[in-house]
Structure formats: structure tokens, C-alpha cells
Amino acid sequence: MLPPEIIEFDDASIDNIADALKQRGYIILPKALSADLLDDLQCRGKNLPKEQWHRAGVGRHKNYQQNEEIRADKICWISADNSTESAFFLAMETLRLGLNRRLYLGLFDFECHFSSYAKGAYYRKHLDALKGQSNRVLSLILYLNTQWQATDGGALLLYPQQGGEPIQKIMPELGTLVLFLSETFPHEVLESQRQRLSLTGWFRINNSKEDRIDPPN
Ligand code: OGA
Ligand code: MN
């Protein structure tokens, strides 16, 4: 277990992330977090009780649906009640504040779930946020799989805003962290040939809709 004083993101690494987001809109970082935190998160994800996993859905509110044609993973939302998940939230809080300071993104909070893809699961090409319809600004994915091989499939393909060819193919290897602007980059998860564990999160802005604060704080 990690002592709480360990800082996962120092100023130099947040500078690097902010520069990349400003210039390209995404960044891929191998071994972004300490080995201890990665091990704890992997262990936590692997040992979550079966009943805590849900079929993932697509869309929000009235448009929410479960559709295996689009995605076939299972998810489990994380919370600060668990010490490992809380350590991860703490690291993300450092990142959120650091990015706000550098890029004036106005990131308000962070939500995150474990994702588990069984053999044969995938997630078809999609955007995490539609322009003006979501408070998700920055998507984050952290992979938690040891010794991922090319033959295991399950790569993340990142596409440009316009055009058909992927700009990045990312293996879901332990510690690889991907950040991208949620409204800008379509992406997909190719069919996985083995169990594939990750954390997916979104830094959100605080939209005000019809005089209601969304999300509520
Ligand atoms: C998602 C997603 C990609 C991945 O959960 O929205 O696109 O590589 N995940 O797990
Ligand atoms: Mn996505």
C-alpha cells in the first residue's frame, strides 16, 4: 500500500502533458505512474467481486442503451472509499489541478471506472463526447495488463478528427497512460484475445444547463 505523501505527477511531467495536449490534443505515456500504484490497481481490478461488474452501456440519460454490437466490455466505477482507488484519485487530482493551471481548461472533476474485456470483447469506433452535449473534456485510459503481446489483440486505435486512417495503435500494457481530448478523437478497441483490464476516466467541466449545475457538486 502506498503512503499518501507519494506524488505521482511532478511539475515537469505535467508540463510535458500540457504541451502535448496543446500541440496535438493527445499524449501516450508508458509507465506513467509508480510501479507500486500500478501493482495495487492491477490487483484491485483483478480481485473485484464479480457482482460489482456491470455490462457497459452507450449514450447518456434517455439515450442510454446496452448494445453488444458497439461494446462488449464490463465496467466497475471506482470510489474514494477504497485506499488504492483513492490513491489513484489523488494522482488524478494533482494532474487535474496542474492542467488547469497550465491550460485553463476549467476541469471540474474526474470520474473513472475499471473496464474488463473478456476474450472476444471489443469497443467499436466512437467519440467519448459530442460537441456541446457532454461535460467530458479530457479522456484518460490507464492499462493494467502485464506482458501484453501483439497477438493478444485488444489494441486501442486513435483516429484523427477527420479521415479514416488511425494515427496511433496502442497496446494495453501495464502502466501505459493515454490522454486525449474527448470531443476530438474517435477511437476503438480491437477485439481482445485475452482478458484485458484498464481504467477509463474523464475530466469534466461544470456545465450549466437550464440553470442547473451539471454535474452537481
Ligand atoms: C472507453 C474506451 C478504450 C480502451 O472506455 O470509452 O474507449 O482502450 N476505452 O479501453
Ligand atoms: Mn472511448
Side-chain angles (χ1 to χ4, degrees), residues 21 25-33 38 41-42 44-46 48 52-61 63-78 85 88 92 107 109-131 133-161 166-205 215:
L21 292 178
Y26 72 90
I27 186 166
I28 302 157
L29 296 159
K31 298 280 174 256
L33 299 168
L38 291 173
L41 288 167
Q42 186 189 51
R44 173 75 181 151
K46 279 186 177 169
L48 280 168
Q52 291 199 25
W53 291 98
H54 312 280
R55 279 266 314 280
V58 287
R60 284 178 82 92
H61 308 300
N63 296 323
Y64 181 86
Q65 52 172 312
Q66 289 183 337
N67 189 339
E68 271 185 34
E69 302 273 295
I70 301 172
R71 64 187 297 188
D73 56 327
K74 290 199 166 170
I75 65 166
C76 175
W77 289 94
I78 72 170
E85 295 174 14
F88 181 67
M92 293 306 109
L107 303 175
D109 74 352
F110 177 71
E111 59 182 357
C112 185
H113 59 64
F114 281 104
S115 297
S116 175
Y117 290 68
K119 183 171 162 37
Y122 50 81
Y123 193 166
R124 301 289 181 232
K125 191 172 171 185
H126 65 281
L127 271 172
D128 285 349
L130 297 180
K131 235 181 182 53
Q133 291 184 28
S134 169
N135 43 33
R136 291 175 173 176
V137 172
L138 185 63
S139 299
L140 171 147
I141 306 158
L142 174 69
Y143 297 110
L144 298 172
N145 309 288
T146 311
Q147 299 266 314
W148 198 269
Q149 309 293 322
T151 48
D152 293 329
L156 171 70
L157 298 184
L158 203 63
Y159 291 89
Q161 194 163 18
I167 47 174
Q168 292 287 342
K169 181 176 187 179
I170 302 141
M171 292 299 165
E173 177 64 31
L174 180 68
T176 298
L177 181 79
V178 186
L179 287 160
F180 57 88
L181 297 175
S182 306
E183 289 180 351
T184 307
F185 296 94
H187 53 283
E188 77 175 303
V189 179
L190 300 178
E191 186 176 323
S192 192
Q193 302 306 324
R194 65 176 250 215
Q195 184 83 21
R196 176 190 192 271
L197 183 68
S198 59
L199 279 165
T200 304
W202 295 274
F203 294 95
R204 310 191 301 176
I205 51 166

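As the structure is a prediction and not an experimental result, all values here were calculated from the model. Each ligand, and each atom within it, is numbered from 1 in the order the structure gives.
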Numbered in order shown, the ligand 1 atoms found under 4.0 Å of a heavy atom of V189 are 3 (C), 4 (C), 8 (O), 10 (O)
Can you list the ligand 1 atoms lying under 4.0 Å from a non-hydrogen atom of H187?
2 (C), 7 (O)
The Mn ion (ligand 2) -> H187, closest N, O or S atom is NE2
Verify, without hydrogens or angle tests, whether S182 (side chain) and L138 (backbone) share a donor-acceptor contact under 3.5 angstrom.
yes
Give a yes or no on this: more than 12 heavy atoms of other residues, nucleotides or ligands lie within 6.0 Å of atom NZ of K31.
yes
Kindly confirm or rule out an N or O of H113 lying under 3.5 angstrom from an N or O of ligand 1.
no
Please find the N/O/S atom of D128 nearest to the Mn ion (ligand 2) and write down its name.
OD1
Show me which atoms of ligand 1 lie under 4.0 Å from any heavy atom of Y143.
4 (C), 8 (O)
Within 4.0 Å of some non-hydrogen atom of Y123, the atoms of ligand 1 are 1 (C), 2 (C), 5 (O), 6 (O)
Name the residue from T146, D152, T151 that meets the side-chain contact (heavy atoms from CB on, under 4.5 Å) definition with W148.
D152
Taking atom types as modelled and ignoring hydrogens, do the side chains of Y117 and E191 form a donor-acceptor contact shorter than 3.5 angstrom?
no
So, for C112 and F88, which heavy atoms are closest and what is the spacing to 0.1 Å?
SG-CE2, 3.7 Å
Nearest non-hydrogen protein atom to atom 10 (O) of ligand 1, with distance, is R196 NH1, 3.0 Å
Closer than 4.0 Å to some heavy atom of L156 - which atoms of ligand 1 meet that?
3 (C), 8 (O)
Answer side chain, backbone, both or neither: which part of D128 comes under 4.0 Å from ligand 1, heavy atoms only.
side chain
Determine, using heavy atoms of E188 and all atoms of ligand 1, whether some pair is separated by less than 4.0 Å.
no
Do NZ/NE/NH1/NH2 and the carboxylate oxygens of R136 and E111 come within less than 4.0 Å?
yes
Which label fits F203 and F110: parallel for a plane angle under 30°, tilted from 30 to 60°, or perpendicular past 60°?
tilted
Do Y26 and Q168 have a side chain donor and acceptor closer than 3.5 Å?
yes
With heavy atoms of T200 as the reference, note each atom of ligand 1 found under 4.0 Å away.
1 (C), 5 (O)
